[in-house]
Structures are given as C-alpha cells and as structure tokens.
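Data first, discussion second: the structure below is written as structure tokens.
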Amino acid sequence: MADWDLLLTDARIATMRQGAPDYGTLEAGAIAIAGGMIDWVGAAEDLPAGRAADTRSLDGRWVTPALIDCHTHLVFGGERAGEYERRLQGVSYEDIAAEGGGILSTVRATRVASEEQLYAAALPRLRALAREGVATVEIKSGYGLDLDNELKMLRVARRLGETSGLSVRTTLLAAHTVPPEFAGGADAYIDFIIDEILPAAANEDLADAVDAYCESIAFDADQVERLFKRARDLGLRVKLHADQLSDSGGAELAARFGALSADHLEYTSQDGVTALAGSGTAAVLLPGAYLTLNEEQKPPVGELRSGGVPIALATDCNPGTSPLASIHFAMGLGSRLFGLTPEECLAGVTREAARALGLGHDRGTLESGKRADLAAWDFDHPRQLAYWLGEQPLSELLVAGRPVDRAS
Ligand code: DI6
Ligand code: FE
C-alpha cells in the first residue's frame, strides 16, 4: 500500500499561508496528496519517508492554491448588451431599473428559459473560469424571484457542480429585487421569501448560503434583517450585497449577523469598516461592477487593510453590471482600480475567497489537511497574475488531487 496517491516534486510553491511573508513561498518544494487531500507540503529535502503510487516532477513550475471565484451570478437567461449601449449614452443603471429593465429584464429571460437552456448558457462561463485555474465557484440565484424559478436556478447551479469537475457553492438571492407580482410591496415579497422560498430551498438542500441586495433600489436594512433571522433559524449562513451605490448600513448589518461576507462596499463608512473588523466577515471587492457602472467612489481599501478585515476579490459575473467571466481580469482590475497589491489580489482569490464562502478550513491555501485543489503555472512569479490582462498561463489544475479536464 502506498502512503500517497500522488507526489509532486520540483515545485515552487506559493502556499498563501496566513501570516507567511512573500506569498508563503517554498522553493524546491514537494506536495504529497492522499485521498484528495494534501498530506504533506514543504521543502523537498524535508519530505518524510513514504511511498507514492505516482510521482511527477513539475520541472520548477510555480504552484498556487487553485483559484476561487466567491461571488458570481453566472446562471441567467439572455444578456443585456443593448442596455449597456444605452448606459454609454448616459442613461443610469438606476433609471433603467426604474423603467422595469435592468435586473427585471434578466428575470423575464430567466423565467422563460428551461433548466437545460440555463445550464447550456452558463457552462461556457464556468469553463472560462476553469481555464484560468478556478476550482471553486459560488453561484447565486436572484433572477427567478418566485418559488419555481429561484429553485430552478439553484438546481442548474448544483448540476453545474456535479458535471463540471469544479466545486460549486450555491447562494439563494431571492431578495435581489422586488418582482413585478409584488410591485410596490417589498415587505410582502420578503414575507413570501421567508414563508415559501427559503424553507423550500433549505428543504431540498439547494442553498449553501443566503444573500440579499441591501440598497435604495432594492431592500432596506429592516427587510434584510427579517430575512437573515429566518436564514439563521434554518441554519443557513448569510452574505450581503452591501453599500454598492449608497451607504445603507450594509456592512454593519452583515457584521451583526456574522455574515460570511459583505460584498461591494464602495460606500461603506468608517463605522462600517469598524463593524467588519473583528466580526470574521470578509469584505468581497468587485471591481468589474465598479468599472462597468463607472463608479467614482472606491471601496475603503486602506481602512479595511488597517482594520485587518479579510479582503476577497471576485468577478461578480452577471449580465448587468459585470459581464466578466475572468478571475485574472478581476485581479488586474483589483490592483489597478483599488490599489490592491498583486499578493493581496492572489490572496483575495484563494485564502480570503475561501473564507468568504465559509471554506477556509478546507481550501484556499496549500497546507496539510486541506483539499488538494491546486494550480500549476507557466509564469516566473505569481505577481504576474495581477499584472497581465488577458493572459492564460495555467499549466494544470487539480481539484481534490485529480486533474480537471478543462475542455469539458
Ligand atoms: N449588484 C450587482 O452589481 C448585481 N446585483 C447586485 O445586487 C447586478 C445584477 C444585474 O444588474 O443583473
Ligand atoms: Fe453581485
């Protein structure tokens, strides 16, 4: 009997271990994998005695934790390029939403699409992420906004996880906007989510977390609070789209509920940052949406940093505000637009993204006891990931110790 299924040698390993300097780098490293988990990682000269069923040299390549996209809406019907053209002519995102366009136009297209059609439309977006070294993707509902269609979206997301070889985490975002059936009745719609959609999603084990859009054009803090209490009663962790277009106290609310993450945060105040600090809630920054909406107010990166708030970075892949299915491009934008260092960008799509999904114990760094999700690269330093826009330097992606066929 072998001790390990796979032993990778001659690797330069960016472990991304918390608190380790310089990407947690180990030169001339080795990684021993057993049962899909990392059994041992370190400098090759320290490798304990053991027999591996398979040994492979990485010929000096860099290895990082496989990447994680912790905030996407990548299951949706239709697209909104026409709306994008109107926005270029000066019509605002809020105005389009008020006319019944925006999120609601994607709701119409999603409701008429079958599960098969939604799956077929989403798969290329998921594959695009896998080609860049992403092994774990969060996918939200939020374009169904009724019982059947919210569950339909979550089922499609679950199926993408079952067939793609990637790990998909699902989030119920029924509180994305008020659907036409409840026009003018945000409170009644929140009641409907609490009474019908949330229990059904929990009952069928379709949602790993619950999210809401706390914003002037969506739901206020009291409404979100009612929803979060119900989620808590059902044993589901929460996340929040917070302070994206205005300071609506979203960061404070997320912190108060011990949310996994508070996302966007462009308008978060110092009080909001103070609430996040020490709450365990991760900040998820979404530069694709910031860029597409032509935002001028940046998230308070310096304050988040000095408060020690974990900072994750994600694509926010969605048809309205972030038509972006590239985690590398999100990293490039995170450094250019928000001033994150290349190391913070990589931590933001590995260690901190895992935290934002409640998976910090299981992935996001290369350490023994974590899942063997790792990416090998054809670059000469991991800082290249935030530097290049549109490069594809991935050499190999392993999920739970097994190579992912990135073509399927
Ligand atoms: N914030 C966003 O940026 C997306 N949702 C949200 O709550 C936008 C979704 C869309 O416009 O379709
Ligand atoms: Fe989003």
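Model, not experiment: these values are computed from the prediction.
Under the 3.5 Å distance criterion, with hydrogens and angles disregarded, a donor-acceptor pair is assigned to the side chains of Y213 and Q244. Side chains of T163 and Y119: a donor-acceptor N/O pair is present below 3.5 angstrom, by distance only. A side-chain N or O of S167 and one of R363 form a donor-acceptor pair less than 3.5 Å apart. Residues E367 and T15 bring no donor and acceptor atom of their side chains to less than 3.5 Å of each other. For H241 and H176, the side-chain atoms include no donor-acceptor pair closer than 3.5 Å. Side-chain contact check for T72 and E138: no donor-acceptor pair (N or O, by modelled atom type) lies under 3.5 Å. A donor atom on one side chain and an acceptor atom on the other are not found under 3.5 Å apart for D243 and S246. A side-chain donor from one of K370 and T365 sits under 3.5 Å from a side-chain acceptor of the other. Judged by distance alone, the side chains of S269 and D271 never bring a donor and an acceptor atom under 3.5 Å apart. S326 and E132 share a side-chain donor-acceptor pair at under 3.5 Å. Checking D69 against T315 by side-chain atom types alone, a donor-acceptor pair falls below 3.5 Å. Between S92 and R87, the side chains place no donor N or O within less than 3.5 Å of an acceptor N or O (distance only, hydrogens not considered).
Of all the heavy atoms in V284 and A314, the pair that sits closest is CG1-CB, 4.0 Å. Here the closest heavy-atom approach between residue G142 and residue L145 is recorded as O-CD2, 3.4 Å. In terms of heavy atoms, C214 sits closest to S248 at O-OG, 3.4 Å. The minimum heavy-atom distance between A14 and P382, with the atom names listed, is CB-CG, 4.2 Å. Contact between A130 and L394 at its shortest, heavy atoms only, is O-CD2, 3.7 Å. Considering every non-hydrogen atom in both P300 and T268, the closest pair reads CG-O, 3.8 Å.
A distance of 7.0 Å separates CG of L129 from SG of C317, quoted to the nearest 0.5 Å. Atoms CG and CG, on L67 and L374 in that order, are 11.0 Å from each other to the nearest 0.5 Å. Considering CD1 of I327 and CG of L346, their distance stands at 10.5 Å, rounded to 0.5 Å. Rounding to the nearest 0.5 Å places CG of L324 at 11.0 Å from CG of L74. L366 contributes atom CG, which lies 10.5 Å from atom CZ of R17 (distance to the nearest 0.5 angstrom). For the atom pair CG (L265) and CD (E303), the distance works out to 11.5 Å, reported to the nearest 0.5 Å.
Residues D5 and D54 are not in side-chain contact: their nearest non-hydrogen atoms beyond the backbone lie 4.5 Å or more apart. No side-chain heavy atom of D187 sits under 4.5 Å from any side-chain heavy atom of F192. Residues M331 and V349 are in side-chain contact: their nearest non-hydrogen atoms beyond the backbone lie under 4.5 Å apart. In this structure the side chain of T281 never reaches within 4.5 angstrom of the side chain of L260, judged on heavy atoms. Contact annotation: the side chain of W377 approaches that of L385 to within less than 4.5 Å [non-hydrogen atoms, C-beta and beyond]. For the pair E215/D220, no side-chain contact is recorded, criterion being any heavy-atom separation below 4.5 Å from C-beta on. With a 4.5 Å cut-off on side-chain heavy atoms, Q18 and E352 count as touching. A heavy-atom distance below 4.5 Å is found between the side chains of L234 and L198.
In this structure, the side chain to side chain contact (heavy atoms under 4.5 Å, CB included) partners of L291, at least two apart in sequence or on a different chain, are L333, L337. Partners of F219 by ring pair (Phe, Tyr, Trp, His ring centres under 6.0 Å), not counting sequence neighbours: none found.
Looking at R61, its side chain never comes within 3.5 Å of a backbone N or O of D378 through a donor-acceptor pair. Distance alone, capped at 3.5 Å, places no donor-acceptor pair between the D211 side chain and the L173 backbone. A donor-acceptor contact shorter than 3.5 Å links the side chain of T292 to the backbone of G288. Looking at T170, its side chain does come within 3.5 Å of a backbone N or O of L206 through a donor-acceptor pair. A distance-only check finds no donor-acceptor pair linking the side chain of S335 to the backbone of T341 [under 3.5 Å]. A donor-acceptor pair is defined here as one N or O able to donate and one able to accept, closer than 3.5 Å; no such pair exists between the side chain of K239 and the backbone of A254. Put simply, the side chain of D22 never gets that close to the backbone of G24: no donor and acceptor are under 3.5 Å apart. Distance alone, capped at 3.5 Å, is enough to place a donor-acceptor pair between the R336 side chain and the Y387 backbone. Remark: the backbone N or O of G60 is paired with a side-chain donor or acceptor of D10 at under 3.5 angstrom. Listed for the R158 side chain is a donor-acceptor partner under 3.5 Å among the backbone atoms of D205.
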Where do V107 and N149 land on the side-chain contact (heavy atoms from CB on, under 4.5 Å) test, with the steps shown first?
CA-CA 9 Å; V107 170; N149 287 298; over 6 Å; no
Determine, step by step, whether R237 and D208 satisfy the salt bridge (charged side-chain N to carboxylate O under 4.0 Å, His left out) criterion, reporting the C-alpha distance in whole Å, the side-chain angles of both residues, the deciding distance to 0.1 Å, and the verdict.
CA-CA 7 Å; R237 299 291 300 269; D208 299 315; over 6 Å; no
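E85 CD: 12 or fewer foreign heavy atoms inside a 6.0 Å radius. In the displayed structure, E296 atom CD is contacted under 6.0 Å by at most 12 heavy atoms of other residues, nucleotides or ligands. More than 12 heavy atoms of other shown residues, nucleotides or ligands fall within 6.0 angstrom of atom CZ in F182.
Under the 4.0 Å criterion applied to side-chain N and carboxylate O atoms, D191 and R226 are assigned as salt-bridge partners. Electrostatic pairing of R155 and E204 counts as a salt bridge here, judged by a charged N lying under 4.0 Å from a carboxylate O. Classification of E99 and R86 as a salt-bridged pair holds, one side-chain N sitting under 4.0 Å from a carboxylate O. In this structure, E396 pairs ionically with R56, as a charged nitrogen and a carboxylate oxygen lie closer than 4.0 Å. With respect to the salt-bridge test (charged N to carboxylate O, under 4.0 angstrom), the residues R159 and E116 qualify.
Each of I31, D39, I33 was scored for a side-chain contact (heavy atoms from CB on, under 4.5 Å) with L6, with one residue passing: I33.
A tilted orientation is assigned to the rings of Y143 and H73, their planes being inclined by 30° to 60°. Taking the six-membered ring where the residue is Trp, Y290 and F338 present perpendicular rings, their angle passing 60° and hence far from 30°.
F76 carries R125 over the face of its six-membered ring, with the cationic atom under 6.0 Å from the centre and within 45° of the normal.
The aromatic ring centroids of H328 and W388 lie 6.0 Å or more from each other.
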